[in-house]
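For reference, the structure discussed in these notes is given below.
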Amino acid sequence: MDQRNDLSGVALVLAAGVLWGTVGPAQVFADSSAGPVALGGSRILTGGMVLAVAVLLTRPGAFRTLTRPSWPPLLAASCATGIFQAAFMTSVARTGAAVATAVAFGIAPVSTGVVERIALGTRLTRGWAVGTATAIAGCTLVMTPDGPVHVDPYGVLFGVVGGCCFGVYTVSAKRLTGDGVNMTAAVAVTLLIGGTFLAPWTLSRLPALGTARSLLLVGWLGPVTAALAYSFFVAGLRRVAAATAGTLSLAEPLVATALAMLFLGERTSVPVAAGSVLLLGGLAVVSLPGRPSRRVGGATDGQPVTVRTGRRRVRRESV
């Protein structure tokens with residue numbers, strides 16, 4: 001089934017990408033000694049608790065919408081969230097932020113499109129393919145480091161795992177949006193379960209997480225880049241295809257690069273400038289609203305449908 005992209009949904013997914021893009025620069029700026037995996041775990045645990053409290057205060061019965069049919073995609077999203085944090089942070093530690101980000105977020109749009117095609121049967125459009133290829137090329141240029149690059153094979157592998165997990169999360173969340181569940185409650189549960197997977201690393205670094213720098217950092221990462229950003233993301237998923245959302249997530253490395261230049265003193269270069277133009281162009285292409293196309297008996301909207309009833313054929317005009 002095809003889905004038309006809605007500009008309000010595009011704006012919500014891009015807003016999530018902008019907030020996610022602040023994670024790396026904030027981590028570098030805070031210079032916390034807690035460690036990346038512990039910070040990732042505390043980030044999604046804190047975000048989950050913030051959303052859970054908000055749901056309990058505003059709509060206590062929302063968690064009852066998470067019925068048995070919704071638990072398979074909910075657990076898939078939870079596992080993907082936890083594994084993504086660990087895989088991506090490990091990739092950064094082994095092969096550097098530039099290579100890790102280029103690999104993970106270069107894989108993410110492709111994995112999202114493939115998983116959506118397999119799990120939901122959504123047809124991938126030519127515009128998505130062109131826009132995604134352009135955005136991935138731009139992402140690669142944006143994240144190209146100036147100096148010699150140390151590429152660790154295991155680091156690249158963990159980056160690929162992270163990108164695949166992002167695709168699984170996006171499609172699982174997209175599936176939940178059509179199951180009649182309260183998505184704020186669903187996101188809260190997803191973050192809490194995902195954070196539980198990383199609890200051993202988080203608990204082992206509690207003294208470091210209790211410092212002023214770490215507390216300020218988690219205070220931004222949890223409520224804003226987890227609770228608020230994931231809420232924006234799943235709200236946007238109601239209005240855009242999962243594959244489109246996966247490509248729009250490439251706004252994250254673009255924002256991270258811009259913040260690094262503005263606040264961390266990093267300089268731009270010709271590849272970064274060219275990559276930014278390509279990335280913005282790719283995002284613009286996939287953001288364009290598509291034509292709705294619902295297949296009924298092999299026909300699309302606007303075409304007459306022939307329905308066979310017994311021995312008679314009834315020709316019915318589609319609405």
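The shortest heavy-atom contact between S231 and A227 is OG-O, 2.7 Å. Minimum heavy-atom separation, P109 to I136: CG-CG1, 4.5 Å. For the pair A243 and G113, the tightest heavy-atom approach, listed with the atom from each and the gap, is CB-CA, 3.8 Å. Here the shortest heavy-atom pairing between G210 and L215 reads O-CD1, 3.5 Å. When all heavy atoms of S8 and R239 are compared, the pair lying nearest together is OG-CD, 3.1 Å. When all heavy atoms of V255 and V18 are compared, the pair lying nearest together is CG1-O, 3.6 Å.
Side-chain contact between L237 and M183: absent, with no pair of heavy atoms (C-beta onward) separated by less than 4.5 Å. The side-chain heavy atoms of L19 and Y230, taken from C-beta on, include no pair separated by under 4.5 Å. Annotation: side chain of V114 is not in contact with side chain of R117 (no heavy-atom distance under 4.5 Å). Side-chain contact between S111 and V168 is absent, with no heavy-atom pair separated by less than 4.5 Å. At least one side-chain heavy atom of T46 sits less than 4.5 Å from a side-chain heavy atom of P223. In this structure the side chain of L39 reaches within 4.5 angstrom of the side chain of L209, judged on heavy atoms.
Using a 4.5 Å cut-off between side-chain heavy atoms of Ile, Leu, Val, Met, Phe, Trp and Tyr, with links allowed through other members, L57 and F63 fall into different hydrophobic clusters. Cluster annotation: Y169 and W71 are assigned to the same hydrophobic cluster (Ile/Leu/Val/Met/Phe/Trp/Tyr, side-chain heavy-atom contacts under 4.5 Å, transitive). Cluster membership for V187 and L75, using ILVMFWY side-chain heavy atoms within less than 4.5 angstrom, is shared. F232 and V13 are members of different hydrophobic clusters when ILVMFWY side chains are connected at heavy-atom separations under 4.5 Å. Follow the hydrophobic side-chain contacts under 4.5 Å out from L217 and you reach L206 in the same cluster.
Counting heavy-atom neighbours within 6.0 Å of F84 CZ, excluding the residue itself, gives a total above 12.
Among T247, V10, L12, the one residue that satisfies the side-chain contact (heavy atoms from CB on, under 4.5 Å) test with V240 is V10.
The CG atom of L45 sits 8.5 Å away from the CG atom of L203 when rounded to the nearest 0.5 Å. Taking CG from L51 and CG from L56, the interatomic distance works out to 11.0 Å, rounded to the nearest 0.5 Å. Distance check: L191 CG to R43 CZ gives 8.5 Å after rounding to the nearest 0.5 Å. The CG atom of N182 sits 11.0 Å away from atom CG of L176, with the distance rounded to the nearest 0.5 Å. We find the CD-OG1 distance between Q85 and T202 to be 9.5 Å, quoted to the nearest 0.5 Å.
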*Run the side-chain contact (heavy atoms from CB on, under 4.5 Å) check on T58 and T184 step by step: do they pass?*
CA-CA 11 Å; T58 59; T184 305; over 6 Å; no

*asked:* Please determine whether side-chain contact (heavy atoms from CB on, under 4.5 Å) holds for the pair T81 and F197, giving the CA-CA distance in whole Å, both sets of side-chain angles, and the decisive distance to 0.1 Å.
replied: CA-CA 9 Å; T81 301; F197 294 152; over 6 Å; no

*Starting from the C-alpha separation in whole Å, work towards a yes-or-no answer on side-chain contact (heavy atoms from CB on, under 4.5 Å) for L192 and M49.*
CA-CA 7 Å; L192 288 173; M49 288 187 287; 3.8 Å; yes

*Under the side-chain contact (heavy atoms from CB on, under 4.5 Å) criterion, do V161 and I83 qualify, and how do the steps go?*
CA-CA 8 Å; V161 171; I83 295 172; 4.1 Å; yes

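A tilted orientation is assigned to the rings of W20 and F233, their planes being inclined by 30° to 60°.
Looking only at distances, a side-chain donor or acceptor of S91 sits under 3.5 Å from a matching main-chain atom of G155. No donor-acceptor distance shorter than 3.5 angstrom exists from the side chain of R213 to the backbone of S32, with no hydrogens or angles considered. Remark: the backbone N or O of V37 is not paired with any side-chain donor or acceptor of R205 at under 3.5 angstrom. A donor-acceptor pair under 3.5 Å is absent between the side-chain atoms of T177 and the main chain of R238, judged by distance alone.
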